[in-house]
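Order of the sequence lines sets the chain letters (A, B, ...), proteins ahead of strands, with each chain counted from 1. All values derive from a computational prediction rather than experimental measurement.
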Number of protein chains: 2
Amino acid sequence: MIEVERKNTRKEQVIQTATELFKDKGYAATSMRDLANELGIEAASLYYHIKSKEEILQSICFEMADAFIQGLDDVEHRDISNREKLYQGIINHTKVIARDLPAAAVFLNEYRYLSAPWLKKFLRLRINYINRFKKIIEDGIKEGEFKNVNKKLAVMTIFSSLNWMPNWYNPKGKIDPEAVSKQLAQLLINGLG
Amino acid sequence: MIEVERKNTRKEQVIQTATELFKDKGYAATSMRDLANELGIEAASLYYHIKSKEEILQSICFEMADAFIQGLDDVEHRDISNREKLYQGIINHTKVIARDLPAAAVFLNEYRYLSAPWLKKFLRLRINYINRFKKIIEDGIKEGEFKNVNKKLAVMTIFSSLNWMPNWYNPKGKIDPEAVSKQLAQLLINGLG
DNA sequence: CCTACCGATCGGTAGG
DNA sequence: CCTACCGATCGGTAGG
């Protein structure tokens, strides 16, 4: 039992270290020797913990995907206005990113190195998630809660803003994630002008 | 003379093909053999046209940087309101992206593979460019043209939206780049609500 | 632009 | 988790 526990946490350690390397250097440019070195072990020893380099990427990408989807599930069927749904959806999305910035960066930038069946599966999840946000905007336009803007453009603008966060947000800075979420949601819905 | 001309266009061909590969597969995951293959020549032959793999990345990144900076130069000192400056600056930025989407994608996502002196130079140019936009927003807030929002957040939101374009914009679709620019600028300044 | 080739490094396996 | 190692591939050079 203790054996199993130790194995699990060590595996998580491997994945977490890999996440940071993938974020910093990119998946393709990170070697298993880089990873082993960071952990203070030999490259061959990594294969006691994981099956392959790509298995690490898979677990990062799909665990993040789950978290995003769950965040949307939480607000989608509440009895609130579409404007409020969008606002809360944005906040949940931002929170998932802020909770683990390196993993979010890998999820956003490195997913393309997923191979054959995984990449398709990943893209299917992503398009689905985006379409659910689009639906909220669509409904909101119908109800007169939003201006009659280009829906694709609106949803892309929202996601791009949210997904850029790992590139500039400093978790040790003065703004806490909660405040960033709110300000970002405000800015996107109400504009700058 | 004809010799020289032919050499130049062939080099441009190499760079353009590389740009598309770097965009699709990432810089690190694109091999010189991939590139040679796409061009129908041997890998070793590439070195008649270019000095190194990184030289290609450098020319893509710095040519794009020049284009962005020039677009901002064009509007910065005009005698117009800050709101109008921001609007026109966004449009110019979008136009540079739309003019060459693959090069824009490489500029945005692959610059980090630039080595020692180049990466620093690149980052210096980028921070400078961003700060000039920040200044416009700052001035606009002082003049009461914009709400008193978080400046860093505002400028990051704008760039993220613009820079996400290569990920979704289809140049063969129904919206032309001019219209996208305008809609995007509108949306960012006036909001969705 | 090609042939022939180099040293370095890659992800991963066998066997302990 | 280690030693010892593998075949494949990498960016690039020499010489034509």
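Rounded to a whole Å, the NE2 atom of A/H49 is 15 Å from the P atom of C/dT13. Rounded to whole Å, atom P of C/dG11 lies 12 Å from atom CD of A/E54. Spacing between atom CD of B/E55 and atom C1' of D/dG11 amounts to 14 Å, rounded to whole angstrom units. The separation between A/L35 atom CG and D/dC1 atom P is 12 Å, rounded to whole Å. One atom, OH of A/Y48, and another, P of C/dA14, lie 17 Å apart when rounded to the nearest Å. Between B/I56 atom CD1 and D/dG11 atom C1' the separation is 11 Å, expressed in whole Å.
Consecutive Watson-Crick or G-U pairing (both distances under 3.5 Å) extending over three or more pairs maps onto DNA chain D as C:1-16 with D:1-16.
Listed by chain and residue number, B/F68, B/F122 satisfy the ring-ring contact (aromatic ring centres under 6.0 Å, His included) test with B/F107 (two or more places apart in sequence, or in another chain). Residues meeting the side chain to side chain contact (heavy atoms under 4.5 Å, CB included) test with B/T94, sequence neighbours left out: B/I90, B/L162, B/M165, B/S181.
Once rounded to the nearest 0.5 Å, the distance linking CG of A/N150 with CD1 of A/I141 reads 8.5 Å.
Ring geometry for A/F133 versus A/F159: interplanar angle over 60°, hence perpendicular rather than tilted (30 to 60°).
Contacts between residues 39-47 of chain A and DNA chain D, defined by a heavy-atom separation under 4.0 Å, are made by A/I41, A/E42, A/A44, A/S45.
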Check residues 114-121 of chain B and write down every donor-acceptor pair under 3.5 Å in which the side-chain atom is one partner and the other belongs to a residue at least two apart or another chain.
{"residue": "B/S115", "atom": "OG", "partner": "B/E54", "partner atom": "OE1", "Å": "2.7"}
{"residue": "B/S115", "atom": "OG", "partner": "B/E54", "partner atom": "OE2", "Å": "3.1"}

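For the pair A/D34 (side chain) and A/S31 (backbone), a donor-acceptor distance under 3.5 Å is present.
The minimum heavy-atom distance linking A/K23 with A/P166 is given by the pair NZ-O, 4.2 Å.
For the pair A/K53 and A/Y27, the distance from NZ or CZ to the six-membered ring centre is under 6.0 Å and the angle to the ring normal is within 45 degrees. Both tests hold for A/R126 against A/Y111: distance to the six-membered ring centre under 6.0 Å, angle to the ring axis within 45°.
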Do any N or O atoms of the protein come closer than 3.5 Å to N or O atoms of nucleotides 5-10 of chain C, and which pairs are they?
{"residue": "C/dC10", "atom": "OP1", "partner": "A/S31", "partner atom": "OG", "Å": "3.3"}

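Using modelled atom types, one finds no donor on one side chain facing an acceptor on the other under 3.5 Å when comparing B/S161 with A/T157.
Centroid-to-centroid, the aromatic rings of B/F22 and B/Y113 stay 6.0 Å apart or farther.
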